[in-house]
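My structure is below; once you've seen it, I'll send some questions.
Both backbone and side-chain heavy atoms feed into the values below; hydrogens, waters and symmetry mates do not.
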Amino acid sequence: MEFFCYHRDRRGSMPLRHELVEEHWSYMDRYAAEMIARGPTFLSDGETLTGSVHIVDLPDSAAARAFAFDEPGYQAGAYRDVMLRRWHNALGRTMWEFPGDRDEGDHYLVLGLGEGHSADRDLPPGNHALIAYGPLLSDDGSTWLGTAALVQAPNPETARTVLPADRYADIEVHLWTFGGRR
């Protein structure tokens with residue numbers, strides 16, 4: 001089962017995040033074989049951390065909760081909240097298999113929070129800029145809750161267009177970068 005996990009930073013937690021970076025990476029290294037994508041999100045300055053994204057393939061919801069809540073930064077209080085949702089890997093690949101040039105343009109996390117009927121279960125046209133893409137689902141996988149995408153784009157406005165605004169209650173766009181040491 002695939003899961004989308006987004007630890008969102010608590011204001012003022014940068015010193016703690018820096019202190020725990022090796023513990024965080026070592027913890028994530030234990031999940032290297034299960035990792036589909038990972039990386040930090042930033043403010044528009046590209047330097048101030050705002051969160052940490054992990055898309056991982058785990059046996060069940062209990063394993064996903066353990067993954068999210070045993071993470072050293074979470075245990076130390078670095079995060080204000082955690083978004084943990086079932087996810088479906090619509091691209092069928094990891095971020096390390098992204099065929100594009102990783103150094104071209106910027107990268108973004110685009111989160112579309114669902115409203116009403118399921119939207120965007122199919123890949124958008126011109127999906128060559130997609131690093132990861134898939135629906136956010138309820139724990140049992142039966143209810144569509146939104147869509148999460150990692151996108152290569154020249155700017156946040158272009159990244160946002162990967163999801164049609166009229167199909168979502170809200171769309172968030174966060175500057176993101178490839179993470180880990182894999």
Task: Any residue meeting salt bridge (charged side-chain N to carboxylate O under 4.0 Å, His left out) with D9, in chain and number order, not counting sequence neighbours - done: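 Once residues adjacent in sequence are excluded, the partners of D9 under the salt bridge (charged side-chain N to carboxylate O under 4.0 Å, His left out) criterion are R17.
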Task: Distance in Å, S52 OG paired with E71 CD, rounded so as to fall on 0.5 Å steps - done: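 Reported value, rounded in 0.5 Å steps: 6.5 Å.
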Task: Flag side-chain contact, heavy atom, 4.5 Å: L109 against Y6 - done: yes
Task: I55 side, atom CD1; R85 side, atom CZ - distance, nearest 0.5 Å - done: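 It comes to 14.0 Å.
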- [ ] Quick one: pull up CD in E2 and CG in L58 and give me the separation to the nearest 0.5 Å.
- [x] 10.0 Å
TODO: List the atom of A148, the atom of L136, and the distance in Å for their closest heavy-atom pair.
DONE: CB-CD2, 3.9 Å
TODO: Mark yes or no for whether Q152, through its side chain, and E104, through its backbone, hold a donor-acceptor pair below 3.5 Å.
DONE: yes
TODO: Indicate yes or no: at least one non-hydrogen side-chain atom of L130 is less than 4.5 angstrom from one of V151.
DONE: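 The answer is yes; the side chains approach within 4.5 Å.
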Open item on the list: If you take the centroid of each ring, where Trp contributes its six-membered ring, are H54 and H24 closer together than 6.0 Å?
Closed with: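 Between H54 and H24, which both carry aromatic rings, the centre distance is below 6.0 Å.
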- [ ] Could you walk me through whether L145 and L113 pass the side-chain contact (heavy atoms from CB on, under 4.5 Å) test, one step at a time?
- [x] CA-CA 6 Å; L145 302 173; L113 306 178; over 6 Å; no
Task: Non-hydrogen atoms of W25 and R38 that approach each other most closely - done: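 What the structure gives for the nearest pair is CD1-NH2, 3.4 Å.
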TODO: State plainly whether one hydrophobic cluster holds both Y74 and V21, where clusters connect Ile, Leu, Val, Met, Phe, Trp and Tyr through side-chain heavy atoms under 4.5 angstrom apart.
DONE: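 They do not share one cluster, since no chain of ILVMFWY contacts under 4.5 Å joins Y74 to V21.
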Open item on the list: For the residue pair E172 / H174, report whether a side-chain donor-acceptor contact shorter than 3.5 Å exists.
Closed with: yes
Task: Aromatic plane relationship, F98 with F178 - under 30° parallel, 30 to 60° tilted, over 60° perpendicular - done: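 Rings of F178 and F98: tilted, 30 to 60°.
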TODO: Please find out if less than 6.0 Å separates the ring center of Y31 from that of F67.
DONE: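 Between F67 and Y31, which both carry aromatic rings, the centre distance is below 6.0 Å.
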Task: Hydrophobic cluster identity match, L16 and M28, side-chain contacts under 4.5 Å - done: no
- [ ] For side-chain contact (heavy atoms from CB on, under 4.5 Å), just list the numbers for D70 and Y27, CA-CA rounded to whole Å, side-chain angles, deciding distance to a tenth of an Å, and then say yes or no.
- [x] CA-CA 9 Å; D70 290 345; Y27 180 81; 3.4 Å; yes
Open item on the list: On a heavy-atom basis, which atom in P135 and which in W144 lie closest, and how many Å separate them?
Closed with: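 Nearest heavy atoms, P135 then W144: CB-CD1, 3.8 Å.
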Task: Side chain proximity check, W87 to V56, heavy atoms < 4.5 angstrom - done: no
Task: Closest non-hydrogen atom pair, N89 against I36 - done: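 In this case the closest contact between N89 and I36 is ND2-CG2, 3.7 Å.
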TODO: List the atom of V173, the atom of A159, and the distance in Å for their closest heavy-atom pair.
DONE: CG1-CB, 4.3 Å
Open item on the list: I need the M95 CE to H107 NE2 distance, nearest 0.5 Å.
Closed with: 10.0 Å
Open item on the list: To the nearest 0.5 Å, what is the distance between OH on Y108 and OG1 on T158?
Closed with: 8.0 Å
Open item on the list: Restricting to non-hydrogen atoms, name the atom on R86 and the atom on F3 that form the minimum distance, rounded to 0.1 Å.
Closed with: CD-CE2, 3.4 Å
Task: Close side-chain approach of L175 to P156, heavy-atom, < 4.5 Å - done: no
Task: Short side-chain donor-acceptor distance under 3.5 Å, Y168 and T147 - done: yes
Task: Side chain to side chain, V53 and P40, heavy atoms closer than 4.5 Å - done: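 No - every pair of side-chain heavy atoms lies 4.5 Å or more apart.
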Task: Polar side-chain atom of D57 near backbone of M1 as donor-acceptor pair, under 3.5 Å - done: yes
Under 3.5 Å, side-chain donor or acceptor atoms of residues 43-51 against the rest of the protein: list the pairs with distances, not counting sequence neighbours.
{"residue": "D45", "atom": "OD1", "partner": "E47", "partner atom": "N", "Å": "2.7"}
{"residue": "D45", "atom": "OD1", "partner": "T48", "partner atom": "N", "Å": "2.9"}
{"residue": "D45", "atom": "OD2", "partner": "T48", "partner atom": "OG1", "Å": "2.7"}
{"residue": "T50", "atom": "OG1", "partner": "T41", "partner atom": "O", "Å": "3.3"}
{"residue": "T50", "atom": "OG1", "partner": "T41", "partner atom": "OG1", "Å": "2.7"}
{"residue": "T50", "atom": "OG1", "partner": "F42", "partner atom": "N", "Å": "3.4"}

Open item on the list: Are more than 12 heavy atoms, taken from residues, nucleotides or ligands other than R11, located less than 6.0 Å from that residue's CZ atom?
Closed with: no
Open item on the list: Test of understanding: with salt bridge (charged side-chain N to carboxylate O under 4.0 Å, His left out), list the residues that count as partners of E157, not counting sequence neighbours.
Closed with: none
Task: CE-NE2 distance between M83 and H7, expressed to the nearest 0.5 angstrom - done: 12.5 Å
